[in-house]
Amino acid sequence: MILLLELQRYTQENHVFLEYIIFYASGQPQADSLRSDLLKIINYCNCLQEDSFKSIVGQFFSATHLRASYLFQADVSHTNLSQADLSRTYLLKTNLSAA
């Protein structure tokens, strides 16, 4: 996931590959439905060790496509969400402190 997030960030900075490489961290958005794939990954990682997702992967989330994601009660505190696309994202009770 880190490799895919870094490729996405690189394409955002270097517009040469922008139309060819698009990575949706929670799956490609579909009409009028929210995707919970990313929430499942976050919860799975945190089952292995508390806060492991945000401590390992969280720093790579800048400029990520999180459009139409379902992140109910996710802990994304201290995650780099600068320039991330959070449009239509369900963030009820999501911990966004210092994000």
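Everything numeric in this text was worked out from a predicted model, so none of it was measured. Residue indices begin at 1 and follow the sequence shown.
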Does any non-hydrogen side-chain atom of [Y] lie less than 4.5 Å from one of [X]?
| X | Y | answer |
| --- | --- | --- |
| V57 | I41 | no |
| S52 | N46 | yes |
| D75 | E50 | no |
| V76 | I42 | yes |
| K93 | F72 | yes |
| S62 | Q83 | no |

Distance from [X] atom [atom1] to [Y] atom [atom2], nearest 0.5 Å?
| X | Y | atom1 | atom2 | answer |
| --- | --- | --- | --- | --- |
| L71 | L38 | CG | CG | 5.5 Å |
| Y24 | D37 | OH | CG | 14.0 Å |
| I56 | L48 | CD1 | CG | 9.0 Å |
| K54 | N80 | NZ | CG | 14.0 Å |

For S26, does its backbone N or O pair with a side-chain atom of S69 as donor and acceptor, under 3.5 Å?
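Absent.
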- Query: So, does Q8 use its side chain to make a donor-acceptor pair with the main chain of F23 at under 3.5 Å?
  - Reply: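 Yes; judged by distance alone, with no hydrogens or angles, the pair exists.
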Please give me the minimum heavy-atom distance between [X] and [Y], naming the atom from each residue.
| X | Y | value |
| --- | --- | --- |
| S97 | N95 | OG-OD1, 2.9 Å |
| A25 | M1 | O-CE, 3.9 Å |
| Q12 | H65 | NE2-NE2, 3.8 Å |
| T94 | A74 | CG2-O, 3.2 Å |
| A68 | T89 | N-OG1, 3.7 Å |

- If the plane angle is over 60° it's perpendicular, under 30° parallel, otherwise tilted; pick one for Y90 and Y70.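 It falls in the parallel class, under 30°.
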